[in-house]
Structures are given as structure tokens and as C-alpha cells.
Protein chains: 2
Amino acid sequence: MCLDTMGLCMTTEANHPVRTTEKSLHLIEKLRELDGARIHELEDELEMTKGAIHNHLSTLRTHGYVVKEDNEYRLSLKVLTLGGYVRSNYSIYQFGRPKANKLASDTGMLVNLATEENGQSVYLYQARGEYAVNLDTQVGHRLRLHNIAIGKAILAYLPAERVEAIVDQWGLPKETENTITDRETLFEELESVREQEFATDLEERTEGLCCIAAPIRPDNEILGAISISAPTSRLGNQGFDDELVGQVKSTANEIALDIKYV
Amino acid sequence: MCLDTMGLCMTTEANHPVRTTEKSLHLIEKLRELDGARIHELEDELEMTKGAIHNHLSTLRTHGYVVKEDNEYRLSLKVLTLGGYVRSNYSIYQFGRPKANKLASDTGMLVNLATEENGQSVYLYQARGEYAVNLDTQVGHRLRLHNIAIGKAILAYLPAERVEAIVDQWGLPKETENTITDRETLFEELESVREQEFATDLEERTEGLCCIAAPIRPDNEILGAISISAPTSRLGNQGFDDELVGQVKSTANEIALDIKYV
DNA sequence: CATAACAGTTTTCAATTCGAAAACGTAGAA
DNA sequence: TTCTACGTTTTCGAATTGAAAACTGTTATG
């Protein structure tokens, strides 16, 4: 068994896995990987016969998860629909969206709203100000927590043993010169995040990009974080602008208050 | 067999359905419906024993589709992640997103980008201008085509037999005083959409809300449509503003051109 | 504190179902 | 036409699922 202290550990193996379901999930995963495929391609990629693949795909299709066009099967937009439902249940999304919009138009920057799942950050929403940069991040994207502002804002308010577990699971891979790659530095950084009540990213994941993030924690429970992203030239050249930091922090606080007093 | 002239009919029953997969899909559907549930609740709702439910949920969990918190199971954000991947493969999204942003900041309104799947419209993106209304529609949402501007812009460029099939499948339910509820009127309206090259919605789905939509069709293939939504007072009180219509139409054309000449 | 009630997990094994293999159908190429 | 390449369907033996019951853990109650 796994030390599932938070009830959130995913790495547990089911001890009576439903193999047939797993086959369908592998198929879904492959369709995503290949952006759609024909049956004989899937036959090469997965250890299933074409008859079996056909049965699974037909089943997924009648339920709307897969679409077929000229013998090519693709994942349908039903997963987008489902994802929309899941997202709408996050209070941080419901209440954060309008505040993120406002922060974006006030600052002109790119604003991100994200939460943590399974030791990763998941982007729930983006709002674009007038001068917003175009980034590789999009709604639904999953990133490690150690080298982004939002991630550090979240980590700072998770119990230390949880942070350890996450680092064990995902490591601290170096992505730029500034990426934090050892635990000691990370924990010091998290301490300073707690003191300042905001986190920063000085080109730690992407060259030329800086971020400021603030945690969203009604009742001291960390639900996620909000951040602004901008080119280093505009954001972090000589220390972070106090006014901007203030705007991010107070937006986070407003969201937390809205969540608390529904 | 079904008359699957477009290769897109979903209503086909698989003739060797994978029952185990279907059970997992029903579970997923129920978790969505209930916004998460405990095993004994699912036992009441589905015709499965708790042992079986447990096996399925554990399997979905080890693959990251489901999250467990204090004996409550919920769909995870993995479906949002998957949905993001699916969406990013739509050229109308890739190229439409920046143009939708521009249209939103130029007009100050709510801008929608949608495509058709299985006879429904699916929202792919929304951009919010300064005065954008707050609507019930969100990314991923599915609506019928007959009473929204985007829907009519799409229907107008689908083959007539396809339109017939879609009306057979989804009907023409009345949602406001202005909803088109008979085929003849609908086909006349579609003819006029083709003449004008844009479609409108005058409170046909929502009281007080009007929309203008233009089809996106590189190479005469209809990929979706773009629309602006605003209160009747601002948009449709005395005929639609020619300049606004022009902005929507030219945005749609720009997107089509971008798609065509990558 | 003991006990009851309840819900989740695990085990066992018979019934179900899946899917390998082969046959069949269909579309395009030569 | 025949050939080839895939997709689809069928059949039936083998693998897997899940009903039922036992077990465990947790919360409520006397």
C-alpha cells in the first residue's frame, strides 16, 4: 500500500484492475498522442488485435467520446465538454474568473489561474490584457510546481511532507539557468514565499519570462493561485514593482473572500 | 445500419459493444451528474454492486481520470487536460483565438468561437471585451443549432439532407417567443443567411440577448463560426449595425484565410 | 467502553464477456 | 478482371468480471 496521508495519492495500483477498461483508456491515450488514427495504426502501437480495437472504438463512439471520419478515429469534443463541467465545480474558477479578467485589464498582462492536482499545477483559466504575451501554457495544461510562480505559491502552503512527496514524484528538473534544482534551496524559497505572501518566477521555467503569483487560501486551505506573466523587461528587471505585487495579492485575497462568504 | 452519409453519425450502435467499458463510461457520466459521489450512492444509481464499482473507480483512479478524497470520488482535471489537447487540434481554434481576442477588444463585446459536432454546436473559445455580458455559455458547452446565430451560420452551409438529419435528431424546441420552430421557416432563414453571409439571433434562445455570427469556411468547407453577443439594447434594437456586421464577417474571413494559407 | 451499524475493501469462484483467429466485405490499384 | 489492403463480423475457447460473502475500518449509540 502507499502512504496516502492526504487521500490524494494516485500512484496506488488498483488491486483488482479492470483490464478491459484499461484497454479502452490506453486507446484513448493513444488517440490523443497520435491526434487520431486508423485501426491498423493502432494495431501496431497497442497490443490488441484489430477486431478488439474495433469493438472498443465503436463502443467509445456510440457514447460520444470518439468520432470517426473516413476510417480515422479521433477523440471528440465530449472530453472538452466534460472538462468544462469539472472545471466549473472549482470555486477558485467560479470566483476567480471575473477577478482574473479585471486584473488582466488593469495590468494589461497575461493572468493565470491554476490549482494543484496530483502534484502538478493545472491551468484553469487565462485572461489576456492588452499587452498579454503569447505563451505555451493553455487551459488544462499541467506543469511541475517547482519552477513556476503559481507552483511555488501553492507549495509554500502545503504541509512539508506533502512537498517532499511531490518532489519525490516529479523531481526538480532544470529548465533554465535559474531553475531551483535542490531541495534545500526550494524549502528556503518557500519559507520566503510564506513571509512575503507572494511567489515569483524569474525566468525559472522560460527564458525571458517572469511571473508574480499569490496563493488563494480561504480558511487557510490552499486552493490554488493566481499569477501574472510578462517579459522580463516589463516585469522583473530591477526588482518587482510593489504596485503590481499588491494588485496580484489583493486579487487573490478578494477571490478567497468571495469563496469564503458565498 | 444507419444512413451515415457524412461518416459522422454517432447514433450507430456498436454491434459488439464492450460492456465493461460501457460500465466505466456510465460511472464517469454519473460522477459528472452528481459532481462526485461515494460508492454507496453510486450503488443506488447504477446497477452495479459495490465491489464492481470499487474496481472500476480504482482503475480510473490509477489512470488519473478520477480523484478520491475521503471516500468521495470525483472526475479529475485530466479530462480538462485531454479536452485542451483535442481543442488545440482545431485549426479554427488555433487561428481563431487571436482574431477573436482582437474582435472582442475592438467591439467591447463577448465573442464566441464554435464548431459543430454530432449536430450540436460546441463552444471552443470565448473572448471578453470591456463590456462583455456574462452568459451561461462556456467553453465546452453544447447547444442546439437552430436558435443561435452561430448555429444558423453553420447550418446554412451544411448540405440540406444533413440539416434534415440534425433537425430529426434534436428537434426545434421553442425556447423564447422568437425561436424558429418549424422546418420551413428554418430553411428560409438559412437561405437568407447564405445571401447575406451572416446569421443573427434576435432573442431566439435567451430573452434580451442578440447575436451576430459569420461562418468560417476556407475552401467552402464549413468549419464553424464566430459570433458576438450583447444585450438587445446594445445590438439589435433597430436593425443590426452595419459596421458591427462588417467586423464580424471580416474577422471570419481573416480566420478562414489564415487556415487556408498556413 | 462495548457494541452496533454502516460503508469500503478484499476474496472466491461461477457466469459472462472478451478477443484471437479466421472468414468476409469493400474499396482502390494494377 | 484480379490483387491487395483494411475494416468488419463471426465463432468459440479462454480470460476476466463481478455477485456474494467475509473482512476491516470508522462512526454512532447505548
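If you're wondering where the values come from, they're calculated on a predicted model, not measured in any experiment. Numbers restart at 1 for each chain; the letters A, B, ... are given by sequence-line order, proteins then strands. The analysis underlying the following values was restricted to heavy atoms, covering all of them including side chains, and did not include hydrogens, waters or symmetry mates.
The distance from atom CD1 of A:Ile39 to atom P of D:dG7 is 5 Å, rounded to the nearest whole Å. Distance CG (B:Leu46) to C1' (D:dA19): 16 Å, rounded to an integer number of Å. A straight line from CD1 of A:Ile53 to P of D:dG7 spans 9 Å, rounded to a whole angstrom. With rounding to whole Å, A:Asn55 atom CG is found 10 Å from D:dT8 atom P. Taking atom CD of B:Glu69 as the reference point, atom P of C:dG8 lies 15 Å away to the nearest angstrom. For the pair A:Leu42 CG and D:dG7 C1', the computed distance is 13 Å after rounding to whole Å. Atom NZ of B:Lys50 is separated from atom C1' of D:dG25 by 12 Å (rounded to the nearest Å). Residue A:Met48 contributes atom CE, which lies 15 Å from atom C1' of D:dT8 at whole-angstrom precision.
For B:Val18, taking side-chain heavy atoms from C-beta onward, the closest of the listed nucleotides C:dC18, C:dA20, D:dA19 is C:dC18. Checking C:dT9, D:dT11, D:dT17 against every side-chain atom of A:Arg19, the shortest atom distance belongs to D:dT17. Comparing C:dT17, D:dG18, C:dG19 by their nearest atom to the side chain of A:Ala52 picks out C:dG19.
An OP1 or OP2 oxygen of C:dT10 is reached within less than 4.0 angstrom by a side-chain nitrogen or oxygen of A:Asn15. Remark: B:His54 is not in phosphate contact with C:dG8, judged by side-chain N or O atoms under 4.0 Å from OP1 or OP2. Note on A:Thr20: a side-chain N or O is less than 4.0 Å away from OP1 or OP2 of D:dT17. Phosphate proximity of D:dG18 to B:His56: present, with a side-chain N or O under 4.0 Å from OP1 or OP2. An OP1 or OP2 oxygen of D:dG7 is reached within less than 4.0 angstrom by a side-chain nitrogen or oxygen of A:His40.
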Given side chain to side chain contact (heavy atoms under 4.5 Å, CB included), test A:Arg74 with B:Asn89 step by step and report yes or no. CA-CA 10 Å; A:Arg74 293 185 293 103; B:Asn89 284 326; over 6 Å; no

Could you please spell out the steps behind the side chain to side chain contact (heavy atoms under 4.5 Å, CB included) verdict for B:Val86 and A:Leu77? CA-CA 7 Å; B:Val86 173; A:Leu77 290 168; 3.8 Å; yes

Verify side chain to side chain contact (heavy atoms under 4.5 Å, CB included) between B:Asn71 and B:Ile39, making sure each step is shown before the conclusion. CA-CA 8 Å; B:Asn71 286 331; B:Ile39 285 183; over 6 Å; no

Let me have the donor-acceptor pairs involving side chains of residues 214-224 of chain A, under 3.5 Å, with sequence neighbours excluded, atom names and distances please.
{"unit_1": "A:Arg217", "atom_1": "NH1", "unit_2": "A:Asn220", "atom_2": "OD1", "d": "3.4"}

Please output the side-chain donor-acceptor pairs of residues 140-160 of chain B that fall under 3.5 Å, not counting sequence neighbours, one pair per line with the distance.
{"unit_1": "B:His141", "atom_1": "ND1", "unit_2": "B:Asp136", "atom_2": "O", "d": "3.4"}
{"unit_1": "B:Arg142", "atom_1": "NE", "unit_2": "B:Gln120", "atom_2": "OE1", "d": "2.9"}
{"unit_1": "B:Arg142", "atom_1": "NH1", "unit_2": "A:Thr81", "atom_2": "OG1", "d": "3.1"}
{"unit_1": "B:Arg142", "atom_1": "NH2", "unit_2": "B:Glu117", "atom_2": "OE1", "d": "3.0"}
{"unit_1": "B:Arg144", "atom_1": "NE", "unit_2": "B:Trp170", "atom_2": "O", "d": "2.9"}
{"unit_1": "B:His146", "atom_1": "NE2", "unit_2": "B:Pro173", "atom_2": "O", "d": "2.9"}
{"unit_1": "B:Asn147", "atom_1": "ND2", "unit_2": "B:Glu175", "atom_2": "OE1", "d": "3.0"}
{"unit_1": "B:Lys152", "atom_1": "NZ", "unit_2": "B:Glu189", "atom_2": "OE2", "d": "2.7"}
{"unit_1": "B:Lys152", "atom_1": "NZ", "unit_2": "B:Thr200", "atom_2": "O", "d": "2.9"}
{"unit_1": "B:Lys152", "atom_1": "NZ", "unit_2": "B:Glu204", "atom_2": "OE1", "d": "2.7"}
{"unit_1": "B:Lys152", "atom_1": "NZ", "unit_2": "B:Glu204", "atom_2": "OE2", "d": "3.1"}

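For A:His16, the side-chain contact (heavy atoms from CB on, under 4.5 Å) partners at least two apart in sequence or on another chain are B:Asn55.
Side-chain contact annotation: A:Gln126 with A:Thr137, donor-acceptor N/O pair under 3.5 Å present. At a cut-off of 3.5 Å, with distance as the only test, a side-chain donor of A:Arg87 or A:Tyr93 sits close to an acceptor on the other residue.
Across residues 22-38 of chain B, B:Lys23 each have a non-hydrogen atom less than 4.0 Å from an atom of DNA chain D (numbered order).
Judged as a side chain to side chain donor-acceptor pair (under 3.5 Å), the pairs with a partner in residues 36-53 of chain A (not counting sequence neighbours) are, in order, A:Lys30-A:Glu45.
Remark on the helix from C:dC1-D:dG30 to C:dA30-D:dT1: inter-end axis angle 30°, axes from five-pair C1' superpositions, rounded to 10°.
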